Structure formats: structure tokens, C-alpha cells
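This report concerns only the one structure given below.
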Amino acid sequence: MASADKPINTDVPEKDVFALHFLQSLSNLRRQNTFNSPEKTNDRVKKIKKAAYVSMARAAGGTNRLWSRALLRRAAKENNKVVRLPRRKKRVTCLRRRRSNRRDPVEEEEAERLRNLVPGGGGMETSKLMEETAHYIKCLSMQVKVMQCLVDGLAPK
Amino acid sequence: MDVNEKEEFSGEKRNTSYDSADNHPSDWRISGSNPVSAPFGSYSTENLITASCSPSQMMDSFGQTLWYDPTNLQAVGYGGFSGGHPSSSSSSCFRGNMDRSLEMGWSMPNLLPPKGNGLFLPNASSFLPPSMAQLPADSGFIERAARFSLFSDMVNQPLAKPESVGLFLEGQCPSTEVNVGVAHNDASTAMKGPNVRSSEQASKPNVSEDTQSSGQKGGETSSKGFDSKKRKRNRQNSEADQSHKSEEEAENNGDKKRNDEQSPNSPGNKTNSGKQQGKQTSDPKHGYIHVRARRGQATNSHSLAERVRREKISERMKFLQDLVPGCNKVTGKAVMLDEIINYVQSLQRQVEFLSMKLATVNPQMDFNLEALLAKDVRELQLRGGSSSATPFPQNMPMVYPPLPHGFMQQTLSSIGRNISSPLSPINGGYKRQETNGWEGDLQNVIHINYGAGDVPSDPAAATASLPSSNMKVEP
């Protein structure tokens, strides 16, 4: 088990990439006929929120990250789309690790909460979960910045 | 909270482990913090875990106090050790010692909050004696005793030198070695502790030392010697043991009070050496692996794996700590995880809030942006595959080079610049815009879009105006 510690790679693309994806999804949303009706604001909100997450997942690394894959898959499921994601070899190890469950109960309790928060966290080992969480946090903060800028830009209207 | 939970958890484990002698060997190895001998003399009052004179008692005490981590093993070791003697045992004392010693020796102080010092009775000394002769018969008991002694060492001196332990063990009970070894193996398999391996490795050498020294004083050391003998590794460290022996004796002979002051010094040294020894032995896999094989492959590999896993998790926790703002002062996994969870939740809430805001503002957004972006999307798709499928390396902006170089610049003032500069490979370097500038650019873009033409309120009109806007956008 002695494995060399590989540096954790949590590089996130720049803001522009996120902005591009988000704006694309927003424009796609606008094209929908029922989108701009003054009523059904809640629907709009949900759609925009979903678009934000999906665009974030795409911008952050597409299917290279566990959480983004889970997010995209979840979104596709809602749309009743069949999503084919390239198989990753590491999945098997995740399953194997679950068998040897020697985890600290306290730590696992916290990890459980984290799993519920981070998309796709259910199938990850704790160490992998931490890594995904770090990347997820970075991407989330980037997405928040983009959205904030967008809102500020549009607010004066 | 963490401590309690872990204690309970460890308690469960202890119960299961104690039932079989197999657990002990693992404990021995894990505890490796300090030689058992030291604890007997010095720990007597505090360190010795007189929680249970009998295995059942130990189990109970462990259930209350045992820490999931190797520290628990220490506790267990103590409990078992005192099992032979009906000495008053205070689980609280044990806990206190364990906590203290753990804090001293281990790098997880937050996990073990100091809990007052209980009274420890130096039971270990009393019940060791006859064990020597009965070792073969009571291999399980001896193992337990040995383990306890090891644990006591660990408690006081988490880092014990494996060498001393090895030497001591071999010399004292050659006859029982085999039996003990077998018993240890069995016990080790039963033991389940994340850091059992590490602690065992660390404590082994120490235990042998302690047992040896204690035995000299009385029965304690003899039992310790037996226990340490179980460790095959100790053979390698026979020389070191003798040197440590003198130290241990001095310590043992010392006070019966709490050994906090003394233990930090010796444990620090011993623990380091123990850990190093453990690591060294694990890597070349000489005697340690040999012992492990006897006890059972499962436990050994698991404990090793557990150790590596824990190290990984702690490393990632540190990484997350840097990421989450305001977590530098927080130490400990539980609190840190709480903070991380709160931060993620707050970020998600922010996204939701901003999306709500955008929902109200959205209808007024310019449709020219759609056209502009549509072209980008087309370009990206032309490149081959959707952007989502494209792996995003660090120089992600380079993925978008196919976009016309001047497209963005013309249409989206500074935003276009921001996007196109990284997008165009010619430019090379990627320039990030400040948030303020970003907002300004966005606003400029919007203004431009609006200025380009009337913004139709309904999508139908918008699509009609798209071509016109396109024409305006492109030269």
C-alpha cells in the first residue's frame, strides 16, 4: 500500500471558461419559448440553477472529474436523456475499497454529510472524496463569481 | 464528541478482539509507542490501565475509553495486562492517561482531549510473574498482558524504539516465543484498528524493552518480556533493547506518579525511532512481515492500508484547509470537516440565490449575446466533440482557438478580449481580468448589444433580429 503521494491536482480553468459555458446555457434557455414569461419564476429559477451547475460541470472538466460526471449524469437523467460517459478504470478500486471498511466512525459521519453535498460523492472513498471536494469548491466559487458579475452587469437595467 | 465516538468504536473492536488472543499481537505492534517496562514503573498510578483485571473488564473499560486509533490499543493493552490481577481499575484513569500520552506522542491532539488523571494501580507488576511458566498455556492471556504493557508504554512513550523491544523479548522467553508468536498472530488478525499496524510497529520495540525492565523488577517485566518476545521484530533490535532497558528501569523505578514529564522526552525519541523502525521494517518486510504472516495476512495488510489511507486523508485535509477561508486556526478532522461542509453549503446557496436574481433579470438580457455565443458554440463543435467531452488542461483557454480571432473583440468589447485572448493560440499568454474589470466588460457588452438594435421582448422577434445583430457584430 505504500504509494507515492502524487500531488493533488485541483486546477480549475479560468473564469472566462465558466462564463462562456454559463452564457451559452443561458442563451439556450432564452431560446425556449416559455422561458421569459413573467410567471413561473420558480421554473425559471430552477432551470437557471440547473444550467449553472451543468455549465459549471462542463467548464470544470467535463467528465474528467467524478463530481462533474455525476452532476451531468444527474442532469441528463432529469431530462430523460441517456448519457454515455467514458468508463474510468478507477471506479473498480472505489468499489473494492468499500469492502474493507475500516473507517473512523466520527470521520465517516462527517464524510457522509460531505457525500450528500458533493455530487457523486456516494461512490467515493474518503480520500478521493476530499480531492473531489477541493476541486468542487474551487469550481463553485468560480461559478459564483461569474454569476455575480453577470448579475451586477445586468442589474442596472 | 470525536473522542467519545471513537472510544465507543474502539470499545466494540476491543470486545471482539479480546475474545481471541489474536488481537493482542496486533495491539502489540501497533502500540509500539514505548516500551512496556517504563509504564509499569512510572505509569503505575496513572498510566497503567487497571481498567479491567480480567479480559471482560478490559473490554468494558475499553468500550468506554478506548480510542479507535492506536491509542486505544494502548488502552487495551493495559486492560489486558491488569486482567490477571484484580487491581482496582479505573477506566477513566486509563482514558486520562491515554489521552495525555496520546497527545504527547501523537499528532492528533484534538482527538484526545485530556481527561483528568485517574488513579492507576500498578497492577501490571503483580500479575506477570507466573505467566512466564504458564505462557504456553495462557498464550492468549500473555499476549494480552504483553499488549497491555506495550500499550502502557505507548501511552507514556508513544514512540518507542523497536530495537529494544526485540532484544528484550528474545532474551527472556525463548521457550514461549513460539507460542506467544502464534498467539500474537491470532490476536493481530482479530484486531481492527486503523493505526494498529503503525502503533504496533512503534510499540513493539518499546514493549520489549519495558517488559524486560519491568520483569527485572518483578513479574511485570517477565510478562512483558514474554509479550515482547512475541514480536519477531524484536530480534533485530536486541541490542537496542538492552540499552533501553537501563533507561526503562530507571523510569520504572522512578515515581509512581504520572509520567508526563518523563514520557514526553522518552516517547518522543522512542516514538520517532519506533515509527521509523516500523516504516523501515514494513518496507523491506523482514521480520515484521514475517510476524504478520503468522498472525494473519488480513490484519496486517489492512492496518498498513489503513495507515496509508489515514495519511492520505490528512494530507487532503490540509489541502482543503488552505482552500476554505478561515480554517487555518481550526485543527482536527471533525471541526475541519464541519467547516468544509458549511462552506460548500454556503456556496451552493449562493449559486441558488444568484440564479434567482438572474431569473428576474434574464428576460431583459440581450439576445445578441445568444448570437455571439452561438457562433462560439458552433466553432467549438466544429473542432470536434462538445466542449464537455474535451479534457480541460491547465491552459484551458487554448481549447477555443478555432474561434475567429477578431470575432469576440469586435462584439464583446473587453469581455471579448478576455475570452479571445486565451482562446487565440497566437496570443499565447492568458490574461485574467479583475472582477471589477470583468463586470465592466460585461456591462459594456450588454450595452453594445442593446445599442446594436432594439431588443425584442419576445423570442420570436429576437430570433428575427439575430441576423441583423450578427451582421452588425461582424465586420
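Owing to the predicted nature of the structure, the values given are computational and were not obtained by experimental measurement. Lettering of chains follows the sequences in order, A, B, ..., and the numbering in each one begins at 1.
When every heavy atom of Leu320(B) is checked against every heavy atom of Ile137(A), the shortest pair comes out as CD2-CD1, 4.1 Å. In terms of heavy atoms, Val151(A) sits closest to Lys357(B) at CG1-CD, 3.4 Å. Here the closest heavy-atom approach between residue Arg316(B) and residue Lys128(A) is recorded as NH1-N, 3.8 Å. Summarising the geometry of Lys138(A) relative to Leu323(B), their closest heavy-atom pair is CE-CD1, 3.6 Å, with the distance given to 0.1 Å.
Contact annotation: the side chain of Gln348(B) approaches that of Tyr136(A) to within less than 4.5 Å [non-hydrogen atoms, C-beta and beyond]. Tyr53(A) places none of its side-chain heavy atoms less than 4.5 Å from the side chain of Glu352(B).
To the nearest 0.5 Å, atom CE of residue Met356(B) and atom CE of residue Met147(A) are 11.0 Å apart.
Contacts between Tyr343(B) and chain A at a heavy-atom distance below 4.5 Å involve the side chain alone, from C-beta outward.
Checked against Met130(A) for a side chain to side chain contact (heavy atoms under 4.5 Å, CB included), the options Met317(B), Glu315(B), Lys318(B) give a single hit: Met317(B). Results of the side chain to side chain contact (heavy atoms under 4.5 Å, CB included) test with Arg113(A) over Val344(B), Asp338(B), Leu337(B), Ile340(B) single out Asp338(B) as the only residue that passes.
A donor-acceptor pair under 3.5 Å is absent between the side-chain atoms of Gln345(B) and the main chain of Leu117(A), judged by distance alone.
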